[in-house]
Amino acid sequence: MEGHKGHRKRMKEEFLQGGLDHMQPHRVLEMLLFYAIPQGDTNELAHRLIERFGSLTGVLDASCDELMDVSGIGSHAAVLIHFISALARYYYTEKANINPVKDPLKNIAQKMVAQYVGYTEERLILVCLDNTLKELFFGMVKVGVADAVQLQFRDLAKIALRYDATNVILGHNHPNGMALPSRADRETTIEIARGFRDLGINLLDHIIVAGADYISLAESGILAGMLRNDPPQEELWRR
């Protein structure tokens with residue numbers, strides 16, 4: 001018992017002196033588990049978790065049910081581990097709000113990156129703005145982005161009209177991919193931009209997030225190119 005106490009004390013001192021930068025992933029997780037498992041050796045359990053989920057990030061992104069499938073993980077430990085990614089998301093989102101950059105559109109992109117921390121499924125964000133780019137609404141409106149564009153647009157339009165938005169920005173994440181627009185992303189963006197245009201609302205941007213990386217379709221010029229090449233409705237009907 002004394003050996004375990006001494007080990008925990010040494011690890012805490014190591015963290016206080018040098019942070020986590022030079023700690024191996026299993027040691028970071030081992031130390032986190034101190035606070036859910038008051039006694040005993042958490043080193044072996046940390047190794048088991050990383051072996052099961054592939055990485056420290058994989059462990060932190062796992063659901064409570066998935067975590068409790070691992071021998072030695074009870075509800076207290078599962079909730080604590082699952083809490084970390086939610087806490088990180090909260091931290092980075094609040095930090096972006098407290099320390100906004102001068103460019104409001106870049107600040108929105110930073111907030112989107114923060115909002116997607118820890119999520120392993122696609123989620124769609126809508127941001128509503130007035131004509132001065134004042135933020136009226138920022139929220140996740142769909143989980144598991146559907147292929148039914150019309151259903152997506154109806155839900156988005158209701159929110160934009162409720163807030164009397166004149167500009168909107170879309171965001172979605174690629175949890176296991178790169179921050180590059182797929183063909184489906186491009187087609188969906190055109191359809192939604194067209195729908196908003198009919199309502200007198202301008203789609204300013206579509207931001208795709210992958211981990212800490214993101215691409216702004218407006219900033220990259222992709223959005224302008226897509227909309228410039230968007231044929232009129234009459235031409236589409238003649239095809």
Point to revise | salt bridge (Lys or Arg N to Asp or Glu O under 4.0 Å) between Glu191 and Arg186, intermediate numbers included | key: CA-CA 9 Å; Glu191 290 292 331; Arg186 292 170 181 261; over 6 Å; no
Which atom pair, heavy atoms only, marks the closest approach of [X] to [Y]?
X      : Y      : answer
Tyr214 : Val113 : CD2-CG2, 3.7 Å
Leu33  : Ala77  : CD2-CB, 4.2 Å
Ala165 : Val168 : CB-CG1, 4.3 Å
Ala193 : Leu203 : CB-CD2, 3.6 Å
Ala36  : Pro38  : O-CD, 3.5 Å
Tyr116 : Gly171 : OH-O, 3.1 Å

Exercise for review: Report the C-alpha distance between Asp130 and Thr132 in whole Å, list the side-chain angles of each, state the deciding distance to 0.1 Å, and finish with yes or no for side-chain hydrogen bond (donor to acceptor under 3.5 Å, both in side chains).
Suggested key: CA-CA 5 Å; Asp130 66 12; Thr132 68; 2.7 Å; yes
Point to revise | Nearest-0.5 Å distance that lies between atom CG in Asp205 and atom OG in Ser216 | key: 3.0 Å
Revision key, fill the gap. CD1 of Ile169 to CG of Leu105, rounded to nearest 0.5 Å, is 5.0 Å
Any chance [atom1] of [X] has more than 12 other-residue heavy atoms, nucleotides or ligands included, within less than 6.0 Å?
X      : atom1 : result
Phe53  : CZ    : yes
Lys12  : NZ    : yes
Phe138 : CZ    : yes
His47  : NE2   : yes
Met140 : CE    : yes

Practice item. Please lay out, stage by stage, how His172 and His174 fare under the test side-chain contact (heavy atoms from CB on, under 4.5 Å). Key: CA-CA 7 Å; His172 83 279; His174 287 175; 3.1 Å; yes
Review point. Is it true that Arg10 and Glu14 have a side-chain N and a carboxylate O under 4.0 angstrom from each other?
Key: no
Review point. Is Glu121 salt-bridged to Lys142, cutoff N-O under 4.0 Å?
Key: no
Review point. Taking the six-membered ring of Tyr119, is the NZ or CZ of Arg89 close enough (under 6.0 Å from the centre) and on axis enough (within 45°)?
Key: yes
**Study point:** Polar side chain donor-acceptor pair, Ser182 to Asp185, under 3.5 angstrom
**Key:** yes
Exercise for review: Is it possible for you to say whether Leu56 and Leu32 belong to one hydrophobic cluster, with membership spreading through side-chain heavy-atom contacts below 4.5 Å?
Suggested key: yes
Review point. Relative to each other, are the rings of His7 and Phe34 parallel, tilted or perpendicular (30° and 60° limits)?
Key: perpendicular
